[in-house]
Amino acid sequence: MKDIRKVVIPVAGWGTRSLPATKNIPKEMLPIYNKPVIQYVVEEAQRANIQDVIFVTNRDKSVIEDHFDYNLQLESVLQRAGKLDKLEEVRRVAEMVNVMSVRQKKQLGLGHAVMCARDLIRDDPFAIMVGDDLMFGGVPGIGQLIEVAMAEKLPVVGVMEVPWEKVSKYGIIDGEEVAPGVFRVKDMVEKPAREDAPSRLAIVGRYVLTPDIFDYLDKVKPGKGGEIQLTDAMQSLAHDKGMMAVRMSGMRFDAGDWAEFLTANIYFALQDEDLRYELLGMLKNFVQFN
Ligand code: G1P
């Protein structure tokens, strides 16, 4: 399999779970400590040597592309003020990756969003990262998938065990564990009822796919929720040609869930030595720690 150089990041969703915060601000731009959610996702891609980021976007999301571009006015203000560390930081973000974007003009589902990137992907294998799913750990989450895709020469999805009462929120796989944490996918189903779920191994927004997925997406009929589901196309691809799944080793936060979003904020703030003790002191004022 060729090296994975491109990632598709669908960002056209409305962010209804995070309203009213997302009424006029894309959910991907909400901050986790001092960086917007989307920057963590792009940093994960960059750490896995992905150079080209394709945002599948809509008319209200151009601020996401701007975040990864130069802001010359701001840079000259910082330069004149001698705030060179901040200057370096904002430039670094502009230089992280190449940015491309394509409009998803109708919200017809994740499978449809991926289809929108077809002409930018062409014949190369590529990654998909769902912008709400934040992964943290030693090895970049998407890098774990790339490693297995290269070794097996097959597409790969990232999975994690979720509680049975949450299986209906995810794509769920049925797999045979062939090495610790590595599964050969036998089947997959989008958001099954608890009693129909083949396991509690949930797809967590990280994929490495081959371009033949587009032929399967062409044929997919609207599935769960009337949407064009990526899971349905991957199910056919897995049956015909094989697919792997990898249990992701890092921590995961769903940025669209308030409890997880806020936990992620505190987690990252606590990593900053300058903030840690002040923050802990303030939290202690209104929380009883054991
Ligand atoms: C999408 C996918 C689902 C996957 C999930 C991970 O669902 O369709 O298979 O488990 O992302 O975040 P969504 O959350 O967009 O409804």
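For ligands, and for the atoms within them, numbers begin at 1 and follow the listed sequence. Along the sequence shown, residues are numbered consecutively beginning with 1. Given the structure is predicted, the values throughout are model-derived calculations rather than measurements.
- Here the closest heavy-atom approach between residue Met188 and residue Gln235 is recorded as O-NE2, 3.2 Å.
- Summary of contacts: the protein heavy atom closest to atom 14 (O) of ligand 1 is Lys191 NZ, 4.5 Å.
- The aromatic ring centres of Tyr33 and Tyr267 sit 6.0 Å or more apart.
- Residue contacts with ligand 1: Thr231 is included, with a non-hydrogen atom under 4.0 Å away.
- Within the 4.0 Å heavy-atom cutoff, Lys224 does not count among the residues contacting ligand 1.
- Residues passing the side chain to side chain contact (heavy atoms under 4.5 Å, CB included) test with Val63 are Pro26, Met29, sequence neighbours excluded.
- Under a 4.0 Å criterion applied to the non-hydrogen atoms of Gly205, ligand 1 contributes the atoms 6 (C).
- Considering backbone and side-chain N/O atoms, Arg252 never comes within less than 3.5 Å of an N/O atom of ligand 1.
- Near Gln229, meaning under 4.0 Å from one of its heavy atoms, ligand 1 places the atoms 8 (O).
- Scanning the protein heavy atoms around atom 8 (O) of ligand 1, the nearest turns out to be Glu190 OE2, 2.7 Å.
- A side chain to side chain donor-acceptor pair (under 3.5 Å) with Lys27 is found for one member of Asp132, Thr16, Thr22 and no other, namely Asp132.
- Annotation: Tyr170 places no N or O atom under 3.5 Å from an N or O atom of ligand 1; distance criterion only.
- Every residue two or more places apart in sequence or in another chain was checked for a ring-ring contact (aromatic ring centres under 6.0 Å, His included) with Phe183, and none qualifies.
- Counting heavy atoms from C-beta outward, Leu209 and Val156 have side chains that stay 4.5 Å or more apart.
- Distances between N or O atoms of Gly171 and those of ligand 1 include at least one value under 3.5 Å.
- The nearest heavy-atom contact from the protein to atom 1 (C) of ligand 1 is Leu110 CD2, 4.0 Å.
- A cation-pi arrangement is present between Lys219 and Tyr216 under the rule of less than 6.0 angstrom and at most 45 degrees off the ring axis.
- Of all protein heavy atoms, the one closest to atom 12 (O) of ligand 1 is Asp133 OD2, 2.8 Å.
- Residue-to-ligand polar distances place Ile203 within reach of ligand 1: an N/O pair is separated by less than 3.5 Å.
- Between Phe126 and Tyr207, the distance separating the two ring centers is not shorter than 6.0 angstrom.
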